[in-house]
Amino acid sequence: MDTSNIILVGPPGAGKGTQAIMLREKLDALYISTGDLFRSHLSNETDLGKEAQKYMSAGELVPDALTINMLSQELEKKADDHGFILDGFPRNVVQADALSELLDRKDLSIDLVLFFNVPNDELVRRLSTRYTCKVCQAPQNINESEGNATPKCNLCEGELYQRSDDAPESIKRRLDVYDEETKPILNYYEEQNLLTEINSVGSVEEVFTRVEGALQ
Ligand code: AMP
């Protein structure tokens with residue numbers, strides 16, 4: 001397969017993280033999630049983590065300068081032989097411009113932007129039942145396992161927790177921020193003929209089949 005540098009865009013709760021894990025296995029590509037990077041800074045109590053936390057728990061975007069710097073270091077650190085999957089970056093047009101400059105300097109380009117589309121009421125339902133693995137970061141919905149006091153990750157058996165930004169008041173703000181700041185990058189990539197929309201309603205496997213179709 002030729003396509004190797006892929007960006008995943010979509011509202012919070014659209015299933016990007018879950019699909020990214022499957023895509024990473026299929027393509028053996030470098031996977032970078034800016035949300036995971038921030039959460040890792042947070043659990044290591046770095047200065048960046050402490051700064052980012054203020055924005056994350058409020059459902060706001062972390063300032064561009066901090067985010068772009070972190071992403072650029074991550075891209076530098078890793079080899080680019082296998083292509084990359086970017087999950088959660090860019091999240092606004094400033095970041096999209098910065099990414100294109102970073103890639104130009106490395107003589108790289110974006111092959112495909114996958115836009116995961118889900119109606120708003122479905123997003124709210126998914127986010128409020130979403131738990132995340134402390135070990136492998138995989139997101140999963142556990143509304144069916146009510147009464148299970150210590151739910152375990154269905155991939156690695158790690159302990160699951162509810163992200164503080166999946167609390168109801170943050171969910172609303174994150175969806176608004178997505179509409180105001182992130183949606184404009186859909187046009188940005190559409191104009192470059194890079195955007196493919198994925199209907200992200202359905203089972204994880206159904207959605208992944210659509211993703212595979214888009215890679216052809
Ligand atoms: P995510 O795991 O992608 O939902 O990201 C969780 C939170 O991390 C977001 O709500 C933001 O506060 C922050 N974050 C992640 N990626 C970015 C980004 N590209 N720009 C700014 N903030 C980000």
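Numbering of ligands and ligand atoms starts at 1, following listing order. Fair warning: this is a prediction, and the values are worked out from it, not measured in the lab.
Among all protein heavy atoms, the one lying closest to atom 23 (C) of ligand 1 is Phe38 CE1, 3.8 Å. The shortest contact between atom 15 (C) of ligand 1 and any protein heavy atom is with Arg91 NH1, 3.4 Å. Nearest protein heavy-atom neighbour of atom 16 (N) of ligand 1: Thr34 OG1, 2.8 Å. Scanning the protein heavy atoms around atom 6 (C) of ligand 1, the nearest turns out to be Arg163 NH2, 3.4 Å.
Within the 4.5 Å cutoff, the side chain of Val211 has no heavy atoms near those of the Lys26 side chain. Taking 4.5 Å as the limit, some side-chain heavy atom of Leu71 sits within range of a side-chain heavy atom of Leu102.
Between Tyr55 and ligand 1, not a single N/O pair is under 3.5 Å apart. Some N or O of Gly88 is nearer than 3.5 Å to an N or O of ligand 1, by distance alone.
Under a 4.0 Å criterion applied to the non-hydrogen atoms of Gln95, ligand 1 contributes the atoms 18 (C), 19 (N), 20 (N), 21 (C). If you number the atoms of ligand 1 from 1 as listed, the ones under 4.0 Å from a heavy atom of Arg174 come out as 4 (O), 10 (O). Residue-ligand proximity, Thr67 to ligand 1, at heavy-atom distances under 4.0 Å covers atoms 18 (C), 19 (N), 20 (N), 21 (C). In summary, the atoms of ligand 1 found under 4.0 Å from a heavy atom of Val62, numbered by their order in the structure, are 13 (C), 21 (C), 22 (N). Proximity to Arg39 (heavy-atom distance under 4.0 Å) selects the following atoms of ligand 1: 2 (O), 6 (C). Within ligand 1, counting atoms from 1 as listed, the ones closer than 4.0 Å to a heavy atom of Glu60 are 11 (C), 12 (O).
Environment of CG in Asn44: crowded, with over 12 heavy atoms of neighbouring residues, nucleotides or ligands closer than 6.0 Å. Heavy-atom contacts from other residues, nucleotides or ligands closer than 6.0 Å to CG of Asp104 number more than 12.
Using a cut-off of 4.0 Å between Lys/Arg side-chain N and Asp/Glu carboxylate O, Lys172 and Asp176 are scored as salt-bridged. A salt bridge is defined here as a Lys NZ or Arg NE, NH1 or NH2 lying under 4.0 Å from an Asp or Glu carboxylate O, and Glu60 with Arg173 meets this definition. Glu51 and Lys54 are joined by a salt bridge, as a carboxylate oxygen and a charged side-chain nitrogen come within less than 4.0 angstrom of each other.
Among Gln53, Gln137, Met56, the residue whose heavy atom sits closest to atom 8 (O) of ligand 1 is Met56.
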Between Met22 and Val204, does a side-chain contact (heavy atoms from CB on, under 4.5 Å) hold up when you go through it step by step? CA-CA 10 Å; Met22 297 167 82; Val204 168; 3.4 Å; yes
Go through the steps for Gln53 and His41 under the test side-chain contact (heavy atoms from CB on, under 4.5 Å), then give the verdict. CA-CA 9 Å; Gln53 165 69 358; His41 275 280; over 6 Å; no
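For Lys16, the heavy-atom gap to ligand 1 stays at 4.0 angstrom or more.
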